[in-house]
Amino acid sequence: MPTADDALVRVTTRAGVTMLTLDSPPNRNALSTPLMTELLRALDAAVADDTVRVVVLSHTGPVFCSGADLKETAAAYASGTVPAGMLGDVLAALWECPKPVVARVGGAARAGGLGLVAAADIAVCADTATFAFTEVRIGVVPAVISATVLPRLAPRAAAELYLTGETFDGRRAAEVGLVTAAVPADTLDEVVGEYCAALVRGAPRALAGAKELLRRREATTVRNEVAELSALSTGYFLSEEGREGVAAFREKRPPSWLPLT
């Protein structure tokens, strides 16, 4: 268990928002086994804590995440396994997190780091941030991260960026769907804060249900789709949260789930 001084992922919580900060700037926040282990542990703790309503993934230093730890990878070749194999667990945990996940990207992201960005529900980057799928340039492919990246990217852009490995900026990242918004660097924290303030207004169970709705597969017919969604909607209206939300709206008061500031 790392001490507070040598932690690779720092955790702070305020007003219902937990920030998980990648803090390994000497290796550009690379996805080493220790960092991914800490990230998974911190994410599990945030999910288990009912006072946590939103998770923000941030970073220290000029690089958000440089992708796989290639030094660790080279050392692991003899064993026949590489640290990148653990990345799938991290991406799945972020993608399946029942609480909204916001990526705060103030610097460069490469390769596996783009998988983290894509796994977040909302991603805000500085317009000066840069991105690249560099895998093909070192003889590998962006396989694992495709699980989160390809649902976000426009198909033509995915082909271009995967195959060329070229660097692109924050504004292009927003245009092709990798991030939600690219903003001036000096407003990044303000914009992330605005998203978090909006997200904590949502009821916890409803937010988890909305995330499931975004991930669901289409039914075989429109009639089946409508039937499934109607049943889902009815269930939420009849739930404790649904009743409280309707009552709060009618009574012009905040709902009970808003976190204390």
Side-chain angles (χ1 to χ4, degrees), residues 1-13 18-49 52 55-99 101-121 123 125 129-150 152 162 165 178:
M1 178 75 70
T3 66
D5 290 337
D6 60 10
L8 300 177
V9 178
R10 301 195 180 275
V11 182
T12 56
T13 300
T18 284
M19 183 170 290
L20 309 181
T21 302
L22 307 183
D23 190 17
S24 184
N27 70 345
R28 303 185 301 165
N29 293 321
L31 295 167
S32 64
T33 297
L35 184 144
M36 289 190 287
T37 299
E38 288 186 35
L39 181 55
L40 283 170
R41 185 183 300 123
L43 186 61
D44 285 345
V47 170
D49 187 344
V52 175
V55 176
V56 176
L57 186 59
S58 186
H59 64 101
T60 60
V63 176
F64 173 76
C65 177
S66 59
D69 186 327
L70 297 183
K71 181 177 180 181
E72 184 183 14
T73 298
Y77 276 149
S79 68
T81 62
V82 292
M86 189 179 184
L87 178 56
D89 293 332
V90 174
L91 297 181
L94 289 168
W95 186 269
E96 295 172 352
C97 178
K99 302 177 181 184
V101 178
V102 179
R104 175 198 170 278
V105 186
R110 296 290 185 269
L114 277 70
L116 301 183
V117 175
D121 301 292
C125 75
T130 61
F131 304 85
F133 296 95
T134 53
E135 286 87 349
V136 294
R137 296 193 176 189
I138 62 168
V140 297
V141 297
V144 177
I145 65 170
S146 290
T148 59
V149 169
L150 292 183
R152 306 292 191 196
Y162 268 36
L178 180 64

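Numbers for residues simply follow the sequence, beginning at 1. Only heavy atoms go into these numbers, but all of them, side chains included; no hydrogens, no water, no symmetry mates.
Here the rule is side chain to side chain contact (heavy atoms under 4.5 Å, CB included) with Leu31, and of Cys65, Ser66, Ser24 only Cys65 fits it.
Ala111 approaches Gly67 most closely through the heavy-atom pair CB-CA, 4.4 Å. Pro34 and Leu8 make their closest contact through CB-CD1, 3.7 Å (heavy atoms, listed as atom of the first residue, atom of the second, distance). Of all heavy-atom pairs between Val52 and Ala46, the closest is CB-O, 3.5 Å. The minimum heavy-atom distance linking Val56 with Arg104 is given by the pair CG1-CB, 4.1 Å. The minimum heavy-atom distance between Phe64 and Leu22, with the atom names listed, is O-CD1, 3.6 Å. Nearest heavy-atom pair, Glu135 versus Gly112, reported as atom, atom and distance to 0.1 Å: OE2-N, 3.9 Å.
Annotation: side chain of Glu72 is not in contact with side chain of Asn27 (no heavy-atom distance under 4.5 Å). By the 4.5 Å heavy-atom criterion applied to side chains, Pro98 and Val47 are counted as neighbours. A heavy-atom distance below 4.5 Å is found between the side chains of Leu43 and Val55.
Using modelled atom types and a 3.5 Å distance limit, the side chains of Asp23 and Thr60 yield a donor-acceptor pair. Side-chain polar atoms of Thr21 and Arg10 form no donor-acceptor pair below 3.5 angstrom.
Side chain of Asn29 to backbone of Val63: a donor-acceptor contact under 3.5 angstrom is found. Using a distance-only test at 3.5 Å, with no hydrogens or angles considered, a donor-acceptor pair links the side chain of Glu38 to the main chain of Val9. Looking only at distances, a side-chain donor or acceptor of His59 sits under 3.5 Å from a matching main-chain atom of Gly106. Judged by distance alone, the side chain of Thr134 and the main-chain N or O of Arg137 form no donor-acceptor pair under 3.5 Å.
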List, one per line, each side-chain donor-acceptor pair under 3.5 Å for residues 88-95, sequence neighbours excluded.
none

Carefully, step by step, assess Val102 and Leu57 under the rule side-chain contact (heavy atoms from CB on, under 4.5 Å). CA-CA 6 Å; Val102 179; Leu57 186 59; over 6 Å; no
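Thr12 pairs by the side-chain hydrogen bond (donor to acceptor under 3.5 Å, both in side chains) definition with nothing, not counting sequence neighbours. Shown here are the side-chain contact (heavy atoms from CB on, under 4.5 Å) partners of Ala118, two or more places apart in sequence or in another chain: Thr148, Val149, Arg152, Leu178. Considering only residues two or more places apart in sequence or on other chains, Thr130 meets the side-chain hydrogen bond (donor to acceptor under 3.5 Å, both in side chains) condition with Arg110. Partners of Thr18 according to the side-chain hydrogen bond (donor to acceptor under 3.5 Å, both in side chains) rule, which considers only residues two or more places apart in sequence or in another chain, are Thr13. Applying the side-chain hydrogen bond (donor to acceptor under 3.5 Å, both in side chains) rule to Ser146 yields the partners Tyr162; only residues at least two apart in sequence or on another chain are considered.
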